[in-house]
Number of protein chains: 2
Amino acid sequence: MTISTRKERQKEELRGKILHAAKELFMQKGFEDTSIRNIAEKIEYSPTTIYLYFKDKDDIFCELHREGFALLNQYFRPLAHVSDPYERLKAINKAYITFAMENGELYDLMFIINAPMKSIKKDESDWEEGSRAFAFLVNTIQECISKGYFSGMQPEVLAFTVWSMVHGIASLEIRNRCSVVESLNEKDLARKASDLVNEILDRMHRE
Amino acid sequence: MTISTRKERQKEELRGKILHAAKELFMQKGFEDTSIRNIAEKIEYSPTTIYLYFKDKDDIFCELHREGFALLNQYFRPLAHVSDPYERLKAINKAYITFAMENGELYDLMFIINAPMKSIKKDESDWEEGSRAFAFLVNTIQECISKGYFSGMQPEVLAFTVWSMVHGIASLEIRNRCSVVESLNEKDLARKASDLVNEILDRMHRE
DNA sequence: ATAATTTACTTAACGGTGTAAAGTTAAGGA
DNA sequence: TCCTTAACTTTACACCGTTAAGTAAATTAT
């Protein structure tokens with residue numbers, strides 16, 4: 001029994017090494033510019049070995065996609081203790097942008113890359129972390145609404161809209177479309193824009 | 001003279017055919033999944049002929065990028081006649097989403113794709129159309145501010161933020177990240193979200 | 001009119017890609 | 001000891017972007 005568990009552990013280890021190498025290369029060079037051969041070389045195995053552990057390149061993508069959402073949830077976790085839902089919502093926005101800026105390539109992989117979303121079935125356990133992250137936002141907004149904020153708006157549509165706002169900022173920054181705004185330092189722009197989103201939400205509720 | 005102008009015209013025609021074929025294929029299969037060979041086959045020339053007209057694949061990208069902004073400006077043009085700047089701003093938001101939904105792949109190419117932004121130098125004439133589009137937004141917001149809206153906000157930062165909001169919606173839709181919102185028809189979601197952005201702006205100014 | 005040059009294009013090739021099939025080697029169980 | 005299975009590699013296919021060299025026709029020069 002111990003011998004087969006050792007084998008299994010070793011398999012799991014190699015699987016982990018592949019993921020680790022893949023993640024590092026994706027972060028460094030991006031998804032498209034990283035080849036299976038690159039990953040294989042990094043872990044000192046033949047390229048085809050990787051296919052014994054993952055169906056294809058997209059399969060590796062899916063796993064890192066899942067890990068990405070787990071990390072995002074780590075950014076969100078402390079915010080669960082913010083009792084005021086409206087303050088929590090604004091904190092979520094800030095945390096989201098921070099996550100995106102600190103993990104640009106991972107963010108790219110999670111939210112921008114053109115990869116087969118069909119292979120990520122939201123009803124499967126793979127999607128648990130992603131589902132949790134979105135639910136956290138929807139619940140927070142739901143609480144806001146029951147406290148009188150955003151009256152008459154549909155929680156899910158609003159959640160998607162708020163998400164869109166911060167995603168817009170993050171993705172323009174990551175895909176380098178900020179250079180049109182000539183007068184400003186690019187790195188500050190995302191931060192300033194996300195602060196502005198929060199200020200816009202604030203002004204909605206002041207009379 | 002007539003003979004050399006005919007030659008030049010023919011060269012221009014072939015250049016146009018390459019762009020046309022490339023655009024159609026990009027729309028159909030996306031940028032990454034379209035090869036120079038595909039384009040060549042479509043116009044019934046050898047792949048290398050394309051290199052006589054364009055430096056590389058990115059060069060074709062740049063030209064279509066420019067055409068894309070010209071088309072976006074066509075969506076914006078009628079809005080110049082909306083005299084109230086605040087109404088114009090909301091109309092810009094709507095028009096932007098309409099443009100994105102009606103020209104998904106072109107939008108992708110303009111705002112999402114990972115292509116060498118460095119080769120698009122904003123100080124060159126290539127960028128004229130892009131510059132015009134962003135200036136239209138900034139000017140509209142500038143007018144809003146002088147009419148008392150968005151008091152104390154920086155026009156360019158706000159322009160970028162508003163742009164981010166609608167871009168976020170468009171890009172999540174185009175890159176298929178909307179499926180997390182289970183309860184709603186996906187096609188409606190972008191429309192609903194952009195309406196909500198306008199409503200949020202509206203509520204900012206009601207007491 | 002003929003020779004030289006230029007233009008417009010093609011063929012062939014290089015080094016890369018994702019991935020599948022077949023082959024190899026070593027360990028485990030009967 | 002024989003056989004099966006697991007883990008991995010070699011080889012190969014069909015694609016990719018791009019370059020260098022070659023070709024055939026049209027234009028220009030002598």
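In the text below, chain A, chain B and the rest are named by the order of the sequence lines, each starting its count at 1.
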Roughly, in whole Å, what's the span from [atom1] in [X] to [atom2] in [N]?
X	N	atom1	atom2	answer
D59(A)	dT19(C)	CG	C1'	14 Å
D58(B)	dG17(D)	CG	C1'	10 Å
R37(A)	dT10(D)	CZ	C1'	12 Å
K29(B)	dC15(D)	NZ	C1'	11 Å
L14(B)	dT7(C)	CG	P	16 Å
Y51(B)	dA20(D)	OH	C1'	14 Å
I36(A)	dG16(C)	CD1	C1'	14 Å
I50(B)	dG17(D)	CD1	C1'	11 Å

Under 4.0 Å between a side-chain N/O of [X] and OP1 or OP2 of [N], yes or no?
X	N	value
S35(A)	dT17(C)	yes
T48(B)	dT10(C)	no
Y53(A)	dA7(D)	no

What nucleic acid atoms does [X] come within less than 4.0 Å of, heavy atoms only: base, sugar-phosphate, or nothing?
X	answer
L52(B)	base
N38(B)	sugar-phosphate
F54(B)	nothing
T49(A)	base

Where does the angle between the aromatic ring planes of F150(B) and Y86(B) fall among parallel (under 30°), tilted (30 to 60°) and perpendicular (over 60°)?
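Because their plane-to-plane angle lies in the 30° to 60° range, the rings of F150(B) and Y86(B) count as tilted.
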
Practice prompt. Describe, in one word, how the ring planes of F111(A) and W163(A) are oriented to each other, choosing from parallel (under 30°), tilted (30 to 60°) and perpendicular (over 60°).
Written response: perpendicular

Exercise. Distance under 6.0 Å and angle within 45° of the ring axis: does K17(A) meet both against Y53(A)?
Worked result: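 No, K17(A) does not lie over the aromatic ring of Y53(A).
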
Are side-chain N/O atoms of T161(B) and S164(B) paired as donor and acceptor at under 3.5 Å?
->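 No, because no side-chain N or O of T161(B) sits under 3.5 Å from a partner of the opposite role on S164(B).
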
Applying the side-chain contact (heavy atoms from CB on, under 4.5 Å) test to F136(A), which of N73(A), I141(A), L72(A), I92(A) qualifies?
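Filter result, single survivor: I92(A).
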
